[in-house]
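Read through the structure below, which is laid out as structure tokens, and then see the notes.
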Amino acid sequence: MLSVLQTLRHQLQGALERAWPEAAAAARATGQPLDPQLEPASRPEFGDFQANGALPLAKPLRQSPRAIASAVVERLAADPAFTALCLPPEIAGPGFINLTLRPEVLAAEVARRVGDPRLGVPLATAPPVAGAQAFAGGSDAPVPGDAAVAPIPLDPVIVDFSSPNIAKEMHVGHLRSTIIGDCLARVLEFRGHPVLRLNHVGDWGTQFGMLITHLKEVAPEALERADAIDLGDLVSFYRQAKQRFDTDPAFQAASREEVVRLQGGDPLSLKAWTLLCDQSRREFQRIYDRLDIVVQERGESFYNPLLPAVVDDLRAAGLLVEDAGADCVFLDPDKPPVIVRKSDGGFNYATTDLAAIRWRFAPPPKGDGARRLIYVTDAGQASHFAAVFAVAQRAGWVPPGGRLEHVPFGLVQGDDGKKLKTRSGDTVRLKDLLDEAVQRAEADLRARLAEEGRQEEEAFIQEVATAVGLGAVKYADLSTNRITNYQFRFDRMLALQGNTAPYLLYALVRLAGLARKGGEHFPASAREGSLPPLQFSEPREWALVRHLLSFDAVIVEVEEELLPNRLCGWLFELSQVFNRFYDQVPVLKAPPEARVSRLALCRLTADTLRLGLQLLGIQTLSRM
RNA sequence: GGGGCUGUAGCUCAGCCGGAUAGAGCGACGGUUUCCUAAACCGUAGGUCGUGGGUUCGAGUCCCGCCAGCCCCGCCA
């Protein structure tokens, strides 16, 4: 109900200004107009919204907060636009103004969303030009959809996520970036942003020297044939190469020469490099397909030709300093510099990251023309990104209004609170982890079926186990605040109760059951004109109504804060509120006059839950 | 040594721009099924928000100090 909130905010501000015209004018003159501080109510008994603004005004206005509040309420009562929306406001506590929307306003808001594919969430609009933001209403970002503005094409948002390394297997370390990045991209896309999902794979660098050298020795025939060979277990291949590199000086020397050949564009080296990349790509794609994740590969090698320009730019900007033979940018004379060219003349990862920023902000055709760059990597890289971002700023590559955001996340830990490992101490392969989640979900399901004496097709069992298992892994990751480390526990994430994927999926299954059994009464859409005015009476109906109407707020919040756990928490609450409703309020067996409204409410709940899970990247079910 | 993140119930975690009496889930204990999937619902117990100051009408939230844990810190990504 962002638009209602915005409307009320203007009305309150108007009331405030009518009550104290001089103070309001003075406040405006300072650029800080009187703020009613309207926000969603902190408790249900306070109504829908609360205005806290009277309290801080007590001192400047030399009146008691309650007197200020009652003056505002008086003006509001005289505003027909306000009384059409709200019941008479109440003044509570030290001077809070509590607002409750009229039941028919809430019901109409619900009706408007039934059958609406966007479920009340507006499309994003172009941000205002910097400096042109001052309008009545304070510091709030304008709510899109509030006014009928001609849509301005939005600049792309880049989400840089997943980013495994070629010739290595995806492991738990890639899990969070992949899942969180995909979720953020989905939310941004839903809001209407053109999103570039970029997989910044590690496909360039010194490790290829040893890999190619090893490949040339182990499988020279691969370089002769046109088609890529199957290297089998890439991980063990990598290990072999690494081991030889660490123990065999001759191999080491050969590897170093190989790096030079590769960077010099030697055809045979390039062929070997391509083979390794193709092989890895196929492995990665299996995981992405399984997780239903779309990401476009644009590895480090893409920026290779762009690296010299980075150094040139920095030099031209007067930022480069040579130190111990390396080209450096000193952000702070007392701290280690950002090295953009090593003493041996080679570039390193900072250079690549800088080249990426430069390219991504630059207008097409020599760049992506992006407005917002989002990097989803572990928190350990925070200082690296802070430094690189600062260099990009100083170099002038960030356009006005351009945003550079590192989206850090914590470690995946085991039960012991340490970095997750297998029993033998190896890193856990992502594939194994997903397999186990699905297997456990399947075992749970089979046990349940046996217990309940249910017979189900094998295909059904596989579908449910997959959706539950993979959904549980994703949800467990997304539902905690990403900045903290999180404990990976199968039993917890697959638990049938609590803040888990299965709990949410089950709520949707209940709703799907209602739709199946009451399908002929399930309203398709309010827009077809078949929906009578909705009426609600039960407290649990109203709780569901109110929660559903805050969907737009949580989506916009995730878009801005890039915190998927906010959406998870909201969906969990929705499931809880629905389950309480379902437990106590009959739907199909309701009297006819109540049934239509309840079915409409269920329809909206189901659509919202389905959309929410879809934005998390979680497959939904109609039976389980 | 410098920097970052974290510290909230037994456990795992929320807590939005500083707002009213601190919120879930799990676990524990107790209750609910003639009724749309009980994978559910209802209730009880459980807190010095690491710690000491400060800012203010009001601090888990902002500022400073301290303690503890984790992470990063010149040619790896």
Side-chain angles (χ1 to χ4, degrees), chain A residues 35 37 39-43 45-46 50 52 55-56 58-59 65 92-96 98 138-140 163 165 200 202 205-207 300 323-328 332 334-344 346-350 352-353 377-384 386-387 408 410-411 413 417-419 444-445 448 452 454 468 479-481 483-487 489 491-492 495-500 502-503 505-507 509-518 553-554 557 560-561 563 565-566 568-569 572-573 575-576 579-580 582-584 586-590 602 623-624:
Chain A
D35 184 1
Q37 295 192 12
E39 49 188 69
S42 58
R43 294 163 165 275
E45 57 268 33
F46 299 154
Q50 64 183 61
N52 306 330
L55 282 80
K59 199 176 271 182
F96 299 105
N98 290 339
S139 57
D140 299 286
S163 310
N165 288 317
H200 192 78
T206 47
Q207 77 273 22
E300 290 167 355
D323 195 87
D327 286 332
C328 305
D332 179 332
D334 300 328
K335 289 182 186 170
V338 174
I339 294 176
V340 295
R341 178 152 31 199
K342 300 186 283 184
S343 50
D344 68 2
F347 302 105
N348 64 3
Y349 61 97
T352 307
D353 283 339
T377 80
D378 67 277
Q381 296 187 49
S383 48
H384 162 67
L411 250 54
Q413 301 173 316
K418 292 183 181 163
K419 199 171 168 183
D444 279 358
L445 177 61
R448 188 173 314 283
E452 295 172 7
R454 275 168 67 188
V468 170
S479 60
T480 122
N481 188 320
I483 195 71
T484 54
N485 295 342
Y486 106 96
Q487 261 187 31
R489 287 185 52 175
D491 53 353
R492 196 175 287 152
L496 310 167
Q497 60 277 95
N499 188 4
T500 64
Y503 180 86
L505 290 172
Y506 177 65
V509 162
R510 283 182 143 181
L511 283 156
L514 282 177
R516 262 198 310 277
K517 299 203 172 163
V554 77
E557 195 179 307
E560 197 50 36
E561 311 284 333
L563 291 172
N565 66 303
R566 295 271 165 82
C568 292
F572 175 55
E573 234 174 287
S575 304
Q576 279 185 312
N579 274 328
R580 286 176 196 139
Y582 182 90
D583 190 61
Q584 216 177 66
V587 178
L588 298 178
K589 289 170 185 166
C602 288
R623 290 199 310 125
M624 65 190 278

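Atoms considered below: every heavy atom in the structure, side chains included; atoms not considered: hydrogens, waters and symmetry mates. By convention in this document, chain letters (A, B, ...) are assigned in the order of the sequence lines, proteins followed by strands, and residues within each chain are numbered from 1.
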When rounded to the nearest Å, what value does the distance between P atoms of B:C16 and B:A22 take? 15 Å
If you compare all heavy atoms of A:R454 against all heavy atoms of A:M624, which two are closest, and at what distance to 0.1 Å? NH2-O, 3.1 Å
When rounded to the nearest 0.5 angstrom, what distance separates CZ in A:R516 from CG in A:L511? 11.0 Å
Under a 3.5 Å limit for both distances, which nucleotide forms a Watson-Crick or G-U wobble pair with B:U21, could you say? none
Touch check for A:P56, heavy atoms < 4.0 angstrom, all strands: base, sugar-phosphate only, or nothing? base
For nucleotides 4-16 of chain B, give me one character per nucleotide, 5' to 3': B if any protein heavy atom sits under 4.0 Å from the base, S if the only such contacts are to the sugar-phosphate, - if neither. -S-----SSSSSB
Without decimals, in angstroms, what is the distance between A:L496 CG and B:G27 P? 10 Å
Touch class at under 4.0 angstrom, heavy-atom based, for A:S343 against every strand present: base
What contact category does A:E573 fall into here, base, sugar-phosphate, or nothing, at under 4.0 angstrom with non-hydrogen atoms? nothing
Taking the minimum atom-to-atom distance to the side chain of A:F572, which one of B:A77, B:A24, B:A20 wins? B:A24
Report which part of the nucleic acid A:P408 touches: base, sugar-phosphate, or nothing (heavy-atom distance under 4.0 Å, all strands). nothing
B:G15 and B:C72: how far apart are their P atoms, nearest whole angstrom? 25 Å
Taking atom C1' in both B:G2 and B:G74, compute the distance separating them and give it to the nearest angstrom. 15 Å
Rounded to whole Å, NZ of A:K589 lies from C1' of B:C36 at a distance of 6 Å
Which is true for A:A553 with a 4.0 Å heavy-atom rule: it touches a base, it touches only sugar-phosphate, or it touches nothing? nothing
Is A:R43 close enough to B:G23 that one of its side-chain N or O atoms is under 4.0 Å from OP1 or OP2 there? yes
Looking only at heavy atoms, what is the nearest atom pair of A:R492 and A:T500, with distance? O-CG2, 3.4 Å
Would you classify A:A92 as touching base, sugar-phosphate or nothing, given that sugar-phosphate means primed atoms plus P, OP1 and OP2, and contacts are heavy atoms under 4.0 Å? base
With a 4.5 Å limit on heavy-atom distance, are the side chains of A:I339 and A:N348 in contact? yes
Starting from C1' on B:C26, measure out to CG on A:D491 and report it in whole angstrom. 10 Å
Of A:G513 and A:R341, whose nearest nucleotide on RNA chain B comes first from the 5' end? A:G513
Using every non-hydrogen atom in the two residues, find where A:L55 and A:P65 come nearest and quote the distance to one decimal. CA-CB, 4.1 Å
Hey, does A:N52 reach any base, or is it just sugar-phosphate, or nothing, if we go heavy atoms under 4.0 Å? base
Ignoring hydrogens and angles, are the base of B:A77 and the side chain of A:Y349 linked by a donor-acceptor pair under 3.5 Å? yes
Contact class for A:G202 vs. all strands (heavy atom < 4.0 Å): base, sugar-phosphate, or nothing? nothing
Base partner of B:G7, which must satisfy Watson-Crick or wobble distances under 3.5 Å: B:C67
When rounded to the nearest Å, what value does the distance between P atoms of B:C13 and B:C29 take? 24 Å
Say you pick atom C1' in B:G53 and the same atom in B:A59; how far apart are they, in whole Å? 13 Å
To the nearest Å, how far apart are A:F347 CZ and B:G74 C1'? 17 Å
A:R580 side-chain N/O to B:C42 phosphate OP1/OP2 under 4.0 Å: yes
A:L55 atom CG is separated from B:A20 atom P, nearest whole Å, by 11 Å
A:N579 and A:Q576 side chains, donor-acceptor separation under 3.5 Å: no
Would you classify A:F46 as touching base, sugar-phosphate or nothing, given that sugar-phosphate means primed atoms plus P, OP1 and OP2, and contacts are heavy atoms under 4.0 Å? base
Check the distance between B:A40's C1' and A:R448's CZ and give it to me in whole angstrom. 12 Å
Determine, answering yes or no, if A:F96 is stacked on B:G19 under the 5.5 Å centre rule and the 30° plane rule. no
Would you mind classifying the nucleic acid contact of A:A326 as base, sugar-phosphate or nothing, using non-hydrogen atoms under 4.0 angstrom? base
Pairwise P distance for B:G43 and B:G3, with rounding to whole Å: 49 Å
A:Q497 atom CD is separated from B:U37 atom C1', nearest whole Å, by 15 Å
Over all atoms of both residues, closest heavy-atom pair of A:F347 and A:V340: CD2-O, 3.4 Å
Tell me what A:P502 touches on the nucleic acid: a base, only sugar-phosphate, or nothing, going by heavy atoms under 4.0 Å. nothing
Pairwise 5' ranking along RNA chain B for A:N165 and A:S42, keeping only the more 5' one: A:S42
For B:C67, is chi within 90° of 0 (syn) or not (anti)? anti
Using Watson-Crick or G-U wobble geometry with both distances under 3.5 Å, which nucleotide pairs with B:C41? B:G31
What's the spacing between A:L588 CG and A:K517 NZ if we round to 0.5 Å? 8.5 Å
When rounded to the nearest 0.5 Å, the distance separating NE2 of A:H384 from CG of A:D353 is 4.0 Å
To the nearest 0.5 angstrom, please state how far the CG atom of A:D583 sits from the CZ atom of A:R510. 7.0 Å
Let's test your reading of the model: under 3.5 Å, does the base of B:A77 pair with the side chain of A:D378 as donor and acceptor? no
Looking only at atom C1', what distance separates B:G10 and B:C64, rounded to whole Å? 34 Å
Closest heavy-atom contact between A:S575 and A:Y503? CB-CE2, 3.4 Å
Nearest-Å distance, CG (A:D583) to P (B:G43)? 11 Å
On a whole-Å scale, what distance lies between the P atoms belonging to B:U55 and B:G7? 26 Å
Within the structure shown, what part of the strands sits under 4.0 Å from A:N98 by heavy-atom distance: base, sugar-phosphate, or nothing? base
Phosphate oxygens OP1/OP2 of B:G25: is one of them under 4.0 Å from a side-chain N or O of A:Q576? yes
Is there a side-chain polar atom (N or O) of A:R510 under 4.0 Å from OP1 or OP2 of B:A38? yes
Kindly say if A:Y503 contacts the phosphate of B:C41, meaning a side-chain N or O under 4.0 Å from OP1 or OP2. yes
Does B:U48 pair with anything, Watson-Crick or G-U wobble, both distances under 3.5 Å, and if so, with which nucleotide? none
So, taking the atom named CG in A:L505 and the one named CZ in A:R623, what distance separates them when rounded to the nearest 0.5 Å? 14.5 Å
Could you check which of B:C73, B:G74, B:C36 has an atom nearest any side-chain atom of A:P336? B:C73
According to a strict under-4.0 Å criterion, is A:K517 in side-chain N/O contact with OP1 or OP2 of B:U37? yes
Which part of the nucleic acid does A:Q381 contact within heavy-atom distance under 4.0 Å: base, sugar-phosphate only, or nothing? base
